[in-house]
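Working notes for the structure below.
FYI, side chains are in, hydrogens and waters are out, and symmetry mates aren't considered; it's all heavy atoms of this structure. Numbers restart at 1 for each chain; the letters A, B, ... are given by sequence-line order, proteins then strands.
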Amino acid sequence: MRMDNVPLIFEYSVPGRVAVALSDPGVPEVPLEAIVGAEHLRREPAALPEVSEPDLVRHYTRLSQRNYAVDVGFYPLGSCTMKYNPKVNEDAARLPGFARLHPNAPRELAQGALQLLWELDRMFCEISGMDRVTFQPAAGAHGELTALMMIRAYHEDRGEQRTRVIVPDSAHGTNPASAAMCGYTVVTVPSDARGNIDRAALRRAADGSVAALMLTNPNTLGLFEEHVVEVAEIIHGCGALMYLDGANFNAVLGITRPGDQGFDVMHLNVHKTFSTPHGGGGPGAGPVALKQMLEPYLPTPTVERDGDGFRLDDERPKTIGRVRAFVGNFGVLVRAYAYLRTFGPLLRQTSEAAVLNANYLLQRLRPYFDLPYDRTCMHEFVLSGRRQKTQYGVRTLDIAKRLLDYGYHAPTIYFPLIVDEAIMIEPTETESRQTLDAFADALIRIAEECETDPETVRTAPHRTVVTRLDEVAAARNPNLRWRPPTKAGVTR
Amino acid sequence: MRMDNVPLIFEYSVPGRVAVALSDPGVPEVPLEAIVGAEHLRREPAALPEVSEPDLVRHYTRLSQRNYAVDVGFYPLGSCTMKYNPKVNEDAARLPGFARLHPNAPRELAQGALQLLWELDRMFCEISGMDRVTFQPAAGAHGELTALMMIRAYHEDRGEQRTRVIVPDSAHGTNPASAAMCGYTVVTVPSDARGNIDRAALRRAADGSVAALMLTNPNTLGLFEEHVVEVAEIIHGCGALMYLDGANFNAVLGITRPGDQGFDVMHLNVHKTFSTPHGGGGPGAGPVALKQMLEPYLPTPTVERDGDGFRLDDERPKTIGRVRAFVGNFGVLVRAYAYLRTFGPLLRQTSEAAVLNANYLLQRLRPYFDLPYDRTCMHEFVLSGRRQKTQYGVRTLDIAKRLLDYGYHAPTIYFPLIVDEAIMIEPTETESRQTLDAFADALIRIAEECETDPETVRTAPHRTVVTRLDEVAAARNPNLRWRPPTKAGVTR
Amino acid sequence: MTAPVSWQPHKYLPMTAEERDEMLRAIGCSTVEDLLADIPVQVRLRRALNLPPDLAEADLLAHLRQMADRNGHADRLICFLGGGAYDHWIPSAVWHLAGRAEFYTAYTPYQAEVMQGELQAAYEYQSMLCELTAMEVANASMYDGASAVGEAAVMARDLTKRNAVVVSTAVHPQYREVLRTYTRHLGIRIVEVPYQAGLATPERVAAAVGEQTAAVIVQSPNVFGCIEQGRALAQIAHEAGALLIVAVAEPISLGLLEPPGAYGADIVAGEGQPLGNHLNFGGPYLGMLATREAFVRRMPGRLVGATTDREGRRGFVLTLQTREQHIRREKATSNICTNEALNALAAGIYMAALGRTGMRRVAEVNARRAHYAKQRLCAIPGIRPAFDAPTFNEFVLHLPVAPGDLNARLVEYGFLGGLALGRWYPDLADGWLVCVTEARTRAQIDALADVVAQVVRAS
Amino acid sequence: MTAPVSWQPHKYLPMTAEERDEMLRAIGCSTVEDLLADIPVQVRLRRALNLPPDLAEADLLAHLRQMADRNGHADRLICFLGGGAYDHWIPSAVWHLAGRAEFYTAYTPYQAEVMQGELQAAYEYQSMLCELTAMEVANASMYDGASAVGEAAVMARDLTKRNAVVVSTAVHPQYREVLRTYTRHLGIRIVEVPYQAGLATPERVAAAVGEQTAAVIVQSPNVFGCIEQGRALAQIAHEAGALLIVAVAEPISLGLLEPPGAYGADIVAGEGQPLGNHLNFGGPYLGMLATREAFVRRMPGRLVGATTDREGRRGFVLTLQTREQHIRREKATSNICTNEALNALAAGIYMAALGRTGMRRVAEVNARRAHYAKQRLCAIPGIRPAFDAPTFNEFVLHLPVAPGDLNARLVEYGFLGGLALGRWYPDLADGWLVCVTEARTRAQIDALADVVAQVVRAS
Ligand SMILES: Cc1ncc(COP(=O)(O)O)c(C=O)c1O
Ligand SMILES: Cc1ncc(COP(=O)(O)O)c(C=O)c1O
């Protein structure tokens with residue numbers, strides 16, 4: 001019943017087919033040359049597909065059916081917080097008053113939108129223990145960059161030229177990449193035996209050249225940085241700032257606040273923590289929450305109260321400037337707002353359930369895989385496939401692919417880099433115990449297969465629409481686009 | 001990646017789970033007994049499933065993926081006109097001004113809706129060559145019943161007690177069933193060698209006891225009744241009326257009008273002809289269009305002009321009465337309206353393309369299957385699997401099931417009843433030649449399999465989520481519902 | 001012929017002019033006209049259809065929006081109108097799911113192996129409807145509540161071989177009209193029992209039943225919102241050898257009220273619109289039909305059953321099809337073919353979303369808010385309840401002003417008022433049928449009461 | 001701890017209180033607190049979060065609707081506003097498809113074998129964007145047009161090993177701001193070239209480029225709607241050994257205008273919102289980035305490539321990942337991770353829907369209607385065009401009244417007027433940037449012109 005293969009939309013193309021009807025210009029006919037200038041006219045129409053609306057709809061419907069998604073099944077992709085995306089939030093974002101609002105509309109015509117942002121600022125601050133929020137950043141990494149620029153502006157404003165940013169070896173790749181984009185040198189600090197940042201090494205690295213520490217907490221091992229207070233003292237002690245990568249904030253909502261832990265600034269991944277859909281890779285939003293001393297450097301525009309109403313402020317002398325056009329990924333923020341208003345103070349339960357789900361799953365899987373850091377985990381945990389690799393020659397990648405055969409998305413693998421053959425599992429709070437048990441059963445069965453039938457695992461997946469894809473060939477001879485046939489005419 | 005099995009929603013149930021939040025009544029607390037009466041209070045809550053919203057969404061999303069549909073692939077189900085269902089029509093029907101309009105709203109508050117119906121009446125009349133339309137019937141069969149009741153009222157009004165309705169042997173089952181529900185005796189008339197109604201037999205049957213002939217044109221063989229004018233003369237000659245089953249109207253839009261062929265009344269299947277979605281079996285709408293002499297008997301309410309506006313009229317002395325509550329399947333009719341406004345006079349092209357597609361496909365398949373009535377077909381055609389059955393012991397049902405393996409929905413089979421091992425194929429105008437060719441290739445390959453590998457065909461389908469289902473067992477021991485476990489508690 | 005020979009590309013038609021010509025060549029024709037040769041020349045249409053010109057999508061939507069905006073819909077006016085259609089809150093997930101193209105662009109599941117999705121959903125819907133009504137079996141849907149009642153009457157006739165049906169006048173008048181239309185030519189006699197104090201009283205019903213009574217039909221809550229004495233009515237029907245058919249126009253009530261199956265109903269026929277379906281100016285709605293297991297083979301409409309495949313896996317199919325028109329033709333239990341499958345799907349999703357506790361809870365909120373509204377409105381001098389019987393979410397008031405006039409004033413204040421009953425019940429010319437669902441807040445009720453008080457005072 | 005120990009059922013949380021306890025028991029704990037032991041006591045929050053109370057779905061929607069309705073959105077006001085975001089008609093099919101849950105509830109396609117849907121769609125989007133811009137390769141998306149320009153500048157620096165960027169002041173001021181922010185700490189010097197007669201004139205650009213110029217950045221149509229002399233600018237850049245970066249804020253223009261690839265652009269960085277994405281008060285939008293094949297390994301962002309599976313079947317994967325942060329960390333071409341995949345999907349569907357002829361046609365309607373509007377408005381005494389250069393669907397007028405005041409009056413008549421340019425360009429305090437897309441009808445243009453004439457006359 002399912003198509004084995006969906007041709008490219010270009011391969012459906014037949015000259016003369018149309019999928020839209022446009023009304024006539026309905027204005028006096030003037031030669032186009034006279035309007036845009038003959039020299040500017042496009043000579044050949046773009047070789048876009050020519051399909052009818054039925055073709056179009058069937059094509060993308062079929063493609064959609066070849067996609068795994070949270071609405072289809074369990075998606076334990078560690079660090080990504082693939083929780084359920086509430087449907088009412090989609091309705092909220094599609095309200096014409098939001099979806100059809102022009103970003104250049106004068107402020108009097110955007111009071112509802114500005115109010116929403118203002119209230120979201122207040123809620124984010126309450127949850128994070130911070131003082132202000134910027135909505136500019138479009139994603140977590142964008143938030144990191146924005147925050148680092150503010151940190152840099154802060155130091156520079158105090159006449160300090162700090163050049164280095166400390167990043168633990170367990171950090172996500174965006175952390176060092178963001179630091180580099182902000183012109184910083186990255187200093188990597190190792191983790192200790194319990195998976196915390198190594199305080200001795202940190203002390204050695206922390207000097208007057210350090211602008212900030214970028215910490216993830218819970219960190220990418222799914223472990224709470226037990227000595228976060230001490231770490232903050234070390235960092236603050238050398239005049240540097242504490243930056244929190246908020247990707248794992250889902251573990252501690254209402255339980256502990258970064259602002260209270262000693263962090264000065266953090267980003268929020270609303271597409272992780274606050275249930276906005278990932279959209280197949282985006283859009284997200286990465287608002288940055290910060291303490292008061294960083295406020296002067298906020299990117300513009302900021303949302304401000306203005307009498308009974310609200311306004312956008314883009315005349316801030318010490319601002320780092322904009323990091324994107326307009327106010328931010330507003331449509332995504334509407335969903336986050338809807339989510340928070342659906343929970344209110346009950347938000348804490350999401351974290352409790354997320355942590356409990358993770359520990360329950362860890363408990364079930366512990367006998368079958370290596371666990372490099374054996375602690376109570378937070379909302380996720382990291383196993384190692386070392387045993388399977390060394391004893392049976394089955395790599396973690398193979399195990400991941402085999403999970404696809406069992407109807408599950410695979411966990412995150414080979415991250416964090418400090419764990420050999422890492423398997424990073426994040427169940428989230430929106431999964432039921434029944435789902436966790438069924439997933440554990442599948443992973444345990446695969447662990448057994450590694451012993452009894454490693455070849456099946458090594459050659460997985462077997463039940464997907466395509467079998468294992470050749471990534472090496474893809475990178476060696478990049479084929480990044482369809483190309484029109486050399487002579488004009490029907491594509492097939 | 002796809003689930004092999006989706007548990008019943010009841011099997012996900014866990015006591016205490018909820019999928020909705022309701023606000024508090026917010027009014028002074030009064031004992032429920034005092035409100036509805038103690039004796040009326042339900043003792044045990046209904047044993048409905050207890051699931052969370054994530055469970056609910058995943059359940060029905062998964063179910064949807066186990067469904068074949070026009071948006072997924074070719075659906076050549078003869079007689080059903082499975083054409084593309086335009087997306088903008090869905091948007092139209094969901095406009096709050098339509099979807100949220102209460103049927104008891106006073107007429108001044110429903111002028112937009114009434115205008116739409118009025119204009120739809122005008123368009124239906126233009127296309128059908130009739131004078132008026134009722135929107136009451138919810139589907140084609142409902143339209144048949146309504147029309148027959150009007151026919152009966154017409155005759156009775158003239159003092160005639162006619163008792164019989166003539167139905168060709170090729171007719172759809174709803175025709176005789178509707179006649180019976182209207183208290184008529186059904187007289188079946190055979191088809192002739194060219195697939196037309198047998199005029200000699202018709203003449204024999206046509207007498208003063210006949211109330212009407214129910215004809216489908218093009219008929220269920222996909223053939224135009226060549227002698228429709230003569231047939232109308234015979235029927236009108238004995239004082240009976242000509243009823244058109246409009247299920248096949250898609251063949252002749254803008255080409256010939258039933259009203260001009262001699263039909264007095266017909267139903268329109270808007271879910272076939274005018275692209276409204278079938279919804280997995282419904283809803284549809286079966287408005288009835290009729291000549292002036294039947295107008296007095298229209299069911300109530302009718303839509304009438306009223307000065308500059310419109311009103312519903314339900315004070316019609318000779319009406320047959322209502323056949324359902326309120327005005328009709330309005331939401332479906334909005335889609336039909338949107339469809340007609342999208343085509344305007346170009347509507348004729350839909351029929352031209354439908355007829356050409358059918359003949360093209362017939363041409364490709366002709367060598368491989370028996371063709372009992374070898375004529376130019378209209379929008380569909382009927383093959384016979386007789387050869388495959390007698391020579392290779394492969395039934396038409398098997399061929400249909402095998403098509404599922406090739407990724408297609410099967411044609412209608414075993415209908416019309418007058419064709420042995422009937423295979424009734426209707427491609428519709430919204431399919432491309434590429435799709436027709438690929439389908440023809442598949443069916444030809446199956447015809448070959450019947451010779452070379454009949455067992456594979458006989459045991460098909462093989463690639464579906466379940467293999468052939470036991471319909472006999474289902475009917476012998478009906479299991480029509482889940483039942484709660486005998487003792488209360490967790491279902492699994 | 002004068003028909004156009006040109007070919008205009010259209011977004012819904014993949015065929016291009018070139019393809020048309022190639023395909024014609026492949027079948028040995030030169031024009032499409034050749035394919036139409038069987039159509040007698042004298043009945044051909046020799047002109048283009050006289051329809052308004054084709055609209056581009058954007059223009060179409062603008063046009064439709066304009067029409068839609070002229071309606072006083074429930075997002076514009078605060079709705080206190082019921083009378084057979086109810087403005088309930090629909091959880092967002094319901095139509096996100098029922099609106100998936102795999103569901104709405106499918107046909108009746110004739111090829112079960114590729115239609116397990118909707119078949120299973122229908123089986124679940126049937127099961128949930130049985131739970132809600134406390135009946136043994138339910139079908140996959142009928143057209144609407146009114147026609148379901150009509151079909152139920154025919155079914156009762158077939159089951160009892162009797163030819164009279166007793167129906168209370170407190171059954172929705174449109175349901176009774178349809179009942180009459182459906183039974184007129186089948187030799188079924190309709191005996192109407194006038195309501196008394198807003199109810200079908202056991203006394204009057206008892207007086208109306210007889211040896212030829214196939215069924216007693218009551219509605220509960222009835223058209224006045226009053227809850228009938230189901231148990232007593234069932235007893236009367238059964239003692240006379242007749243069936244009790246209970247019409248349910250407001251199934252939300254069953255979250256709180258004793259279900260018909262518990263007090264002896266033989267057939268439940270009703271309207272499923274309130275279960276997750278939009279108001280839609282009256283349709284598409286959802287006919288519900290449930291009955292006893294013993295009666296299943298006389299049931300109209302589609303039934304989905306569980307079975308197994310060759311490997312023994314559970315699967316679902318359309319079953320007991322020998323009842324249906326495509327097999328039995330004139331001997332079928334009904335002529336129904338296309339039904340309201342998608343609306344049943346939505347109803348199933350709705351019931352699953354509300355679930356065991358939610359269904360009870362939403363019914364409770366309806367009852368409480370309606371009760372509060374009744375009290376507030378009855379506190380207005382000149383207004384009094386028409387009946388004493390307990391009600392669920394609708395009730396009738398006697399007004400000191402013409403209900404139609406009051407409604408006209410209410411529109412000015414942003415309210416869609418109750419139903420002016422006089423048109424249906426001349427004896428209730430001052431009767432105003434008010435509906436209060438969970439979608440109405442206390443603030444809205446208070447605002448309505450204030451405005452009504454003001455209008456009444458001023459008149 | 002003072003944290004709540006009770007457990008309230010919540011619709012998004014399947015866990016019940018009983019299950020919580022059972023699961024705790026299974027891992028040998030008695031309370032959830034036990035699992036939180038690693039969190040230092042002194043940083044625990046010892047109170048409930050001070051957030052507004054949880055809202056039921058219906059109440060939430062009512063609240064949101066109220067906020068949304070306070071905005072002057074483009075369904076309420078007839079929109080003649082552009083300036084980097086454009087009100088285009090979006091075919092209904094686009095979001096019926098992009099809005100399918102399998103797309104929007106998925107993550108980045110790390111497990112290619114189960115993500116062929118979005119991978120193929122991204123590959124198709126990349127291909128279509130290449131066709132539209134006449135460039136050789138395109139990535140799967142950036143955040144938005146402005147940040148894409150910022151990344152393009154960094155990319156040019158890396159490619160040329162030069163550290164200055166010449167940018168025209170006729171590039172959208174917010175893009176220039178972002179450019180400055182993105183480059184500030186990377187040792188890249190920004191040289192602004194003042195516009196002249198609404199354009200980046202070759203003379204001024206030529207005067208500004210030098211040996212250290214990594215790239216020349218222009219926008220076309222530029223912020224004033226004027227079409228730049230791409231070919232001449234490319235030549236100047238290339239002769240100086242620099243790259244030409246063309247910012248495209250209105251990609252619909254490329255249906256009609258010569259694409260950057262055809263006149264020598266090395267990088268196209270732009271905003272894809274107009275391709276099927278909603279106005280969304282500024283986001284989510286779609287950063288587009290396309291370049292030459294030779295530059296692909298210095299490109300930021302995700303790239304989807306075609307490959308084969310073990311059976312030789314075509315399939316799609318994320319590729320050239322060694323450019324990216326998760327592999328290269330501080331040496332990556334960019335830090336981007338989450339991008340705007342869904343918006344790129346919508347843009348792909350949009351481009352496929354419009355297709356070869358539709359894309360040209362929609363651009364033509366824009367140009368024609370805008371031209372007509374320009375003529376109508378310029379016929380009003382006191383109004384004159386600010387620049388002579390040809391324009392696409394936006395143009396600047398000098399007004400005899402304050403643009404902000406005019407806009408305020410226009411709102412009263414139901415119009416969302418053009419952009420008052422004074423805030424961005426003090427020298428254009430009387431400048432009014434008017435945008436006319438295909439979504440504006442002639443009647444709306446005429447109505448606008450009439451009202452503007454009236455307001456101007458009255459002042
Ligand atoms: C720990 C961590 N940090 C940062 C990021 C980057 O966030 P984004 O993808 O929103 O840019 C991620 C995303 O996966 C992450 O997991
Ligand atoms: C020829 C014919 N007549 C009548 C009908 C009945 O129409 P409906 O299903 O709308 O009741 C059908 C439906 O399949 C049909 O094909």
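Salt bridge status for C/Glu124 with B/Arg481: absent, with no side-chain N to carboxylate O gap under 4.0 Å. One finds no salt bridge joining B/Arg341 and C/Asp54 here, because no Lys/Arg side-chain nitrogen approaches an Asp/Glu carboxylate oxygen to under 4.0 Å. For the pair C/Arg310 and B/Asp470, the salt-bridge criterion is not met [side-chain N within less than 4.0 Å of a carboxylate O].
For B/Tyr75, the part sitting under 4.5 Å from any heavy atom of chain C is the side chain, from C-beta outward, and nothing else. Heavy atoms closer than 4.5 Å to chain C are found in the side chain of B/Val229, but not in its backbone. Looking at B/Ile255, the atoms closer than 4.5 Å to chain C (heavy atoms on both sides) sit in the backbone and in the side chain alike. Residue B/Leu77 touches chain C through its side chain alone, counting heavy-atom pairs closer than 4.5 Å. If you measure heavy-atom distances from C/Ser334 to chain B, the contacts under 4.5 Å come from both the backbone and the side chain. Heavy-atom distances place both the backbone and the side chain of C/Leu257 under 4.5 Å from chain B. At a 4.5 Å heavy-atom cutoff, the contact between B/Leu356 and chain C is made by backbone and side-chain atoms alike. Residue contact with chain B, scored on non-hydrogen atoms closer than 4.5 Å, involves the backbone and the side chain of C/Thr105 alike. Only the side chain of B/Met82 comes within contact range of chain C, judged by heavy atoms closer than 4.5 Å. Both the backbone and the side chain of C/Pro52 come within contact range of chain B, each with at least one heavy atom under 4.5 Å from a heavy atom of that chain.
Note that the CG atom of C/Asn407 and the CD atom of B/Glu108 stand 9.5 Å from one another [nearest 0.5 Å]. The line from CG of C/Leu279 to CZ of B/Phe98 is 14.5 Å long, rounded to the nearest 0.5 Å. Considering CZ of B/Arg468 and OG1 of C/Thr308, their distance stands at 13.5 Å, rounded to 0.5 Å. Separation of atoms OG1 (B/Thr467) and CZ (C/Arg313) is listed at 5.0 Å; rounding is to 0.5 Å.
Your options are C/Glu271, C/Gln321, C/Gln126, and the one with the most heavy-atom pairs under 4.5 Å with chain B is C/Gln126.
No close placement of the B/Phe415 and C/His326 rings is indicated, their centers lying 6.0 Å or farther apart.
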Q. Do B/Arg66 and C/Glu118 pass the salt bridge (charged side-chain N to carboxylate O under 4.0 Å, His left out) test, and can you show the C-alpha distance, the side-chain angles, and the key distance before you say yes or no?
A. CA-CA 8 Å; B/Arg66 295 158 74 87; C/Glu118 55 167 290; over 6 Å; no
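Between C/Tyr182 and B/His142, the two ring planes are tilted [angle within 30° to 60°].
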